[in-house]
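First the structure, in the form of structure tokens, and then the observations on it.
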Protein chains: 2
Amino acid sequence: MSFDSAGNPPMSPRARAIVAAARELLEAEGGVSMRRLADRLGIKAPSLYKHLRDKGALEAALISDAFLEAAERFEQAGDLFELGSAYRAFALEHPHLYRLMFEGRLPRERLVPGAEERAAAPVIAAVGGDPDRARALYAFAHGMVILELGGRFPDGADLDAAWARGLRAFAT
Amino acid sequence: MSFDSAGNPPMSPRARAIVAAARELLEAEGGVSMRRLADRLGIKAPSLYKHLRDKGALEAALISDAFLEAAERFEQAGDLFELGSAYRAFALEHPHLYRLMFEGRLPRERLVPGAEERAAAPVIAAVGGDPDRARALYAFAHGMVILELGGRFPDGADLDAAWARGLRAFAT
DNA sequence: GTCTATACCCGGATAGAC
DNA sequence: GTCTATCCGGGTATAGAC
């Protein structure tokens with residue numbers, strides 16, 4: 001078998017290809033089922049289980065990858081305002097992936113160790129390590145993007161201005 | 001039939017009783033299906049359709065009620081900090097209802113007219129009507145509760161302190 | 001206003017042949 | 001590593017009898 005007892009990496013090249021296809025499917029259609037994933041790969045659904053223990057392993061891989069990708073982008077940000085832009089851009093570019101990362105329970109036991117923490121680190125650093133401020137900033141940023149993705153703000157709302165107002169509030 | 005073409009109020013007393021049972025089911029089990037709702041009422045699922053056009057009508061009623069209930073509580077708040085407490089308390093007391101209100105698409109066409117706006121009004125008032133600040137505050141509050149409900153903060157995190165830090169940031 | 005019966009959809013996952 | 005055949009669960013909703 002190409003997965004360990006927890007369904008964790010290292011994964012076989014074939015398993016990685018399946019995860020890549022799942023990512024495309026998620027971003028294109030907003031969801032992943034084992035059947036549709038198999039269709040996209042030109043195989044039958046039961047064959048997937050030779051490479052992935054179960055659907056949870058697939059989701060854990062997608063989420064781990066997403067945290068690491070987001071972390072790389074967040075690490076480029078030079079200050080709080082650039083971090084806010086990077087956060088929003090990541091979420092708007094990958095709305096379904098973002099929802100997979102943040103809605104529903106996070107399967108921490110199955111994630112690549114350290115992936116979640118690596119994405120969080122730039123947020124903590126941006127407020128000088130103050131945990132209360134970091135949590136408030138995190139909540140603000142997540143709230144802004146998830147409400148924007150959900151269409152909760154009025155049509156003409158100036159979200160750049162709301163972001164600026166919020167980031168300014170956490171700058172010091 | 002006891003519902004109009006949009007599945008909107010006024011609803012028959014029986015329909016209201018069904019919505020009340022759905023609310024209990026949602027809060028108790030975290031979800032509502034027509035089958036389980038019927039079980040709880042001691043009837044069969046198809047009978048529900050004599051009272052509600054479809055499941056969407058049921059959800060719209062649950063969400064409308066929730067917005068009006070939240071609005072009543074928010075209107076009691078004397079200042080921004082009391083409003084924050086009221087917001088958090090409502091979400092923590094009704095986690096599944098809160099998720100129904102905010103995750104997934106909001107069926108605005110089917111809600112009781114003005115319900116969403118009435119819940120939003122105290123938030124806007126608390127920041128003196130400044131829309132940018134209101135949106136930032138809304139995002140912060142929603143982010144705090146949805147991350148708390150999702151278990152995203154570390155176990156020992158002092159969320160009271162994070163709330164205080166955020167609300168202070170939006171106080172002026 | 002309730003019932004039975006049913007249609008239709010979707011999902012995850014396994015056994016065992018090749 | 002793929003297949004076929006299948007099992008299991010779940011869901012929304014309708015038709016038509018009573």
Side-chain angles (χ1 to χ4, degrees), chain A residues 1-8 10-26 28-63 96 99-100 103-105 107 109-110, chain B residues 1-8 10-26 28-63 96 99-100 103-105 107 109-110:
Chain A
M1 306 206 183
S2 46
F3 44 84
D4 70 12
S5 61
N8 276 339
M11 300 174 105
S12 68
R14 184 70 172 126
R16 291 263 23 131
I18 291 172
V19 172
R23 168 75 174 261
E24 290 177 14
L25 187 59
L26 174 65
E29 303 191 11
V32 176
S33 80
M34 299 304 268
R35 292 200 217 255
R36 277 181 297 140
L37 175 56
D39 283 348
R40 170 170 282 244
L41 288 160
I43 60 175
K44 301 299 175 184
S47 303
L48 295 171
Y49 293 87
K50 298 291 183 183
H51 305 283
L52 283 320
R53 170 171 301 278
D54 55 23
K55 195 186 181 186
L58 179 66
E59 291 175 341
L62 288 168
I63 294 171
H96 301 298
R99 286 195 139 106
L100 180 65
E103 291 188 348
R105 200 189 142 271
E109 339 73 55
R110 306 189 77 171
Chain B
M1 306 205 183
S2 45
F3 45 82
D4 68 13
S5 61
N8 277 338
M11 300 174 105
S12 68
R14 184 68 172 129
R16 292 260 29 130
I18 290 171
V19 173
R23 168 75 174 261
E24 291 177 14
L25 187 59
L26 174 64
E29 303 191 12
V32 176
S33 80
M34 299 303 267
R35 290 199 220 255
R36 278 181 296 138
L37 176 55
D39 283 347
R40 170 171 281 245
L41 287 160
I43 61 176
K44 302 298 175 184
S47 303
L48 295 170
Y49 293 86
K50 298 292 183 182
H51 306 282
L52 282 320
R53 170 170 301 280
D54 55 24
K55 194 187 182 183
L58 179 66
E59 291 175 339
L62 287 168
I63 295 171
H96 302 298
R99 287 194 139 105
L100 179 65
E103 291 187 348
R105 200 190 141 271
E109 340 73 56
R110 307 189 79 172

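Here is how names work: the chains are called A, B, and so on, in the same order as the sequence lines, proteins then strands, and each is numbered from 1. Since we're looking at a predicted model, the values are computed, not measured.
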Where along nucleotides 3-14 of chain D does protein come under 4.0 Å, by heavy atom, of base (B) or sugar-phosphate alone (S), with - for untouched nucleotides? BBB-----BBBB

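Partners of B:Arg23 under the salt bridge (charged side-chain N to carboxylate O under 4.0 Å, His left out) rule, at least two apart in sequence or in another chain, are B:Glu27, B:Glu69.
Note: CD (A:Glu29) to C1' (C:dC10) measures 14 Å, nearest angstrom. Residue A:Leu48 contributes atom CG, which lies 10 Å from atom P of C:dG12 at whole-angstrom precision. Distance A:Leu52 CG to C:dT14 P: 12 Å, rounded to the nearest Å.
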Might you work through the side-chain contact (heavy atoms from CB on, under 4.5 Å) test for B:His51 and B:Arg16, ending with a clear yes or no? CA-CA 9 Å; B:His51 306 282; B:Arg16 292 260 29 130; over 6 Å; no

Side-chain donor-acceptor pairs under 3.5 Å in residues 36-46 of chain A, sequence neighbours left out?
unit_1  : atom_1 : unit_2  : atom_2 : d
A:Arg36 : NH1    : A:Glu29 : OE1    : 2.8
A:Arg40 : NH1    : A:Glu24 : OE1    : 2.9

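The nearest pair of heavy atoms linking A:Leu52 to A:Ala57 is CD1-CB, 4.5 Å. Shown here for A:Val19 and A:Ala61, the closest heavy-atom pair between the two residues is CG2-CB, 3.9 Å.
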